[in-house]
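These notes are about the structure you will find just below.
Letters go in sequence order (proteins before strands), and every chain restarts at 1.
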Amino acid sequence: MQNTKHYKDISKLVLAVQELSLARNLEGIMAIVRHVARSITGADGATFVLRDHNMCYYADEDAISPLWKGQRFPLENCISGWTMLNKESAMIEDIYADSRIPHEAYRPTFVKSLLMVPIRTIDPIGAIGNYWAQKHKPTDDEVTLLKALADITAVSLENVKIFHLLEKKLEEREEMLLHVSEQNKKLEEFCYIISHNLRAPLSNIALLGSMIQGHESIEKKLQYMDKLKPITDFLNNTFDELVQVTQVRTSNDLEIDNLNLETETNHVLHLLEPEIRSARAEIKTDFPERKSLCYPRKYLQSIIQNLVSNSIRFRSPDRYPYIHIRWFEENEWMKLTIKDNGLGIDLKQHGEKLFKLHKTFHQHTDSKGFGLFITKSQVEAMGGKIMAQSSPNEGSTFTVYLQKQDYAGRSE
Amino acid sequence: MPVKTCETIYVVDDDETYQFIVKRVIEETRLVNSIRVFSNGLEAIECIENSISQPESLPEVILLDLWMPVMDGWEFLEKYLLLKPKVGKRIYIYIVSSSINPIDVQRARNITEVTDYVVKPITRDKLVSMLQSL
């Protein structure tokens with residue numbers, strides 16, 4: 001008779017081991033343990049207690065009437081705490097006769113006797129409790145079974161921890177992989193565009209070369225040679241911009257300068273003076289009270305220069321350019337808006353391509369398709385963003401959001 | 001004197017230097033009577049539309065760039081496909097582009113009206129074999 005019961009209890013334990021091996025979180029483990037802990041010993045209640053620094057946290061329970069689920073007690077004032085601190089189990093036949101028991105906490109409950117075992121004996125992380133409504137002296141078998149359950153629980157908790165760690169690592173890895181493949185796609189696109197923009201002038205040079213070679217007449221040769229000059233100029237400019245693009249893309253540790261917005265803006269306007277004068281452009285500037293910004297000087301100047309010279313280049317033939325450069329603070333951003341009354345862009349048609357590195361048209365030797373792409377890269381490299389608003393024939397407004405960088409320590 | 005294999009050829013490309021060069025190279029093959037140059041797809045498609053009633057003035061060959069302002073090569077091809085049922089002449093369209101992007105090449109292959117995809121520079125030999133195979 002005794003053997004049959006023992007066999008039943010062991011099979012309950014084996015079943016619990018199987019179930020626990022499938023548990024993937026703490027809640028899952030607790031749900032199995034509180035139930036099994038009560039049924040293998042035939043107790044009237046079971047608790048699942050977790051150590052939370054110097055407190056015992058009664059995380060879960062399964063009992064004939066409520067015990068202490070959700071409550072916290074100091075390790076020193078509580079029998080589960082005693083178990084964890086002393087790394088041994090506690091077997092109490094009459095709780096009101098034991099000084100380790102906080103009697104007040106037990107008075108509202110049904111508990112007369114209890115058995116408490118630590119989870120992970122070497123360095124306890126919790127405890128499992130068994131409670132009886134009638135005075136009961138736990139048998140050796142009951143103690144052995146509950147200890148075995150506690151050991152399995154410790155392994156399961158450890159497994160869950162590792163499982164979560166792995167899951168997190170895997171997620172990180174997947175995210176990284178996604179990022180890399182996106183970068184790769186961008187790089188591929190970048191290469192095709194570069195090869196397109198370089199191939200066009202190069203193939204012209206190659207053809208002109210063979211034509212120069214293939215003709216006897218000096219006059220013809222000279223005529224073809226004249227055609228070479230604009231192509232090489234174009235190629236040269238394209239190459240310069242290409243170098244700029246790659247510089248933005250590879251500068252990981254940029255030097256941050258402590259800048260004065262007014263000084264830098266005026267410096268750029270000074271550099272653009274010839275273009276401003278020849279276009280008869282009027283420029284208005286506005287600055288916030290706090291004019292300092294930590295940013296790479298090279299980038300800031302390049303951003304302003306690119307946007308202002310775009311405004312001049314794409315001016316309307318019907319009116320003199322009016323460009324409003326406005327710096328202001330908004331929440332965590334230092335914002336720059338550059339508003340013009342120029343040609344404007346049909347964003348519906350071209351918006352998608354606006355900031356992208358794109359293939360170049362040959363009609364405007366001036367634009368090599370890199371300008372706004374570089375600006376965007378310089379803004380985004382420092383955690384900012386750039387947006388455009390525009391209506392054809394009315395003008396454009398570019399808004400740049402720059403992160404107010406911490407001069408002393410940058411997170412990267 | 002070689003026999004003219006082609007009455008009219010269209011060159012559709014916005015690159016002025018390329019226009020100049022390819023015109024010379026075609027002239028020197030002496031296989032073509034008339035070369036017409038367009039700076040974008042729109043100019044070329046309008047010319048085809050206007051010539052539909054006189055098929056003899058339509059080109060036998062079109063050298064088409066892909067990346068052009070106003071109307072690019074792809075858009076030109078779309079418009080041409082719509083016109084095609086009314087065009088009473090076999091027109092060989094060659095894409096001549098600087099793009100080596102496989103996406104472009106594949107897209108061109110999927111259009112049956114495109115005879116071939118040529119990556120620039122287009123050499124004299126290539127042009128000659130193109131014109132002689134008509």
Side-chain angles (χ1 to χ4, degrees), chain A residues 185-217 219-221 223-235 238 343 345-346 349-350 353 356-369, chain B residues 11-30 35 37-43 63-76 94-108 117-128 130:
Chain A
K185 223 175 107 191
K186 268 190 197 165
L187 197 66
E188 209 171 82
E189 200 181 323
F190 179 77
C191 286
Y192 287 130
I193 287 166
I194 293 307
S195 93
H196 172 275
N197 291 2
L198 292 178
R199 183 181 296 273
L202 278 174
S203 67
N204 281 341
I205 291 176
L207 284 173
L208 277 172
S210 64
M211 284 164 78
I212 292 169
Q213 245 182 353
H215 275 275
E216 293 301 320
S217 136
E219 206 178 306
K220 278 257 158 94
K221 282 183 196 279
Q223 195 195 351
Y224 295 154
M225 279 163 88
D226 273 349
K227 295 271 171 197
L228 283 174
K229 173 82 172 114
I231 307 175
T232 47
D233 285 349
F234 179 81
L235 201 55
T238 306
L343 285 171
I345 315 148
D346 187 350
Q349 210 188 331
H350 300 290
K353 293 184 215 151
K356 278 197 181 169
L357 183 70
H358 48 75
K359 295 172 183 172
T360 47
F361 296 138
H362 301 277
Q363 277 176 345
H364 319 281
T365 40
D366 227 14
S367 91
K368 284 156 290 291
Chain B
V11 174
V12 191
D13 199 302
D14 63 314
D15 181 351
E16 280 171 25
T17 313
Y18 169 82
Q19 290 175 356
F20 169 84
I21 298 167
V22 87
K23 210 171 160 204
R24 284 298 152 89
V25 175
I26 296 170
E27 275 166 9
E28 282 167 16
T29 64
R30 296 171 189 227
I35 306 163
V37 177
F38 305 91
S39 289
N40 62 62
L42 187 65
E43 291 175 12
L63 304 183
L64 180 68
D65 185 25
L66 287 179
W67 187 249
M68 294 173 286
V70 188
M71 185 192 282
D72 66 18
W74 300 120
E75 236 182 306
F76 169 86
Y94 289 86
I95 288 178
V96 183
S97 164
S98 294
S99 170
I100 52 163
N101 190 337
I103 294 171
D104 287 340
V105 179
Q106 193 51 49
R107 189 169 167 194
Y117 187 106
V118 183
V119 176
K120 284 181 186 176
I122 180 164
T123 59
R124 185 180 178 280
D125 291 347
K126 176 77 196 170
L127 261 172
V128 169
M130 200 187 270

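Note that CG of A/N204 is 6.5 Å distant from NZ of B/K120, once rounded to the nearest 0.5 Å. A distance of 7.5 Å separates OH of A/Y192 from CD1 of B/I103, quoted to the nearest 0.5 Å. The distance from the CD atom of B/E16 to the CD1 atom of A/I231 is 11.5 Å, given to the nearest 0.5 Å. Atoms CZ and CG, on B/R24 and A/L207 in that order, are 13.5 Å from each other to the nearest 0.5 Å. Taken to the nearest 0.5 Å, the CG atom of B/D15 stands 7.5 Å off from the OG atom of A/S203.
The environment of CD in B/Q106 is crowded: more than 12 heavy-atom neighbours from other residues, nucleotides or ligands sit within 6.0 Å. Within 6.0 Å of the NZ atom in B/K23, the count of heavy atoms belonging to other residues, nucleotides or ligands does not exceed 12.
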Task: B/V119 vs A/R199, side chain to side chain contact (heavy atoms under 4.5 Å, CB included): CA-CA, chis, key distance, verdict - done: CA-CA 9 Å; B/V119 176; A/R199 183 181 296 273; 3.7 Å; yes
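The ring-ring contact (aromatic ring centres under 6.0 Å, His included) check on B/F38 picks up B/Y10, with sequence neighbours excluded.
The two residues A/L208 and B/F20 make their nearest non-hydrogen contact at CD2-CE2, 4.4 Å.
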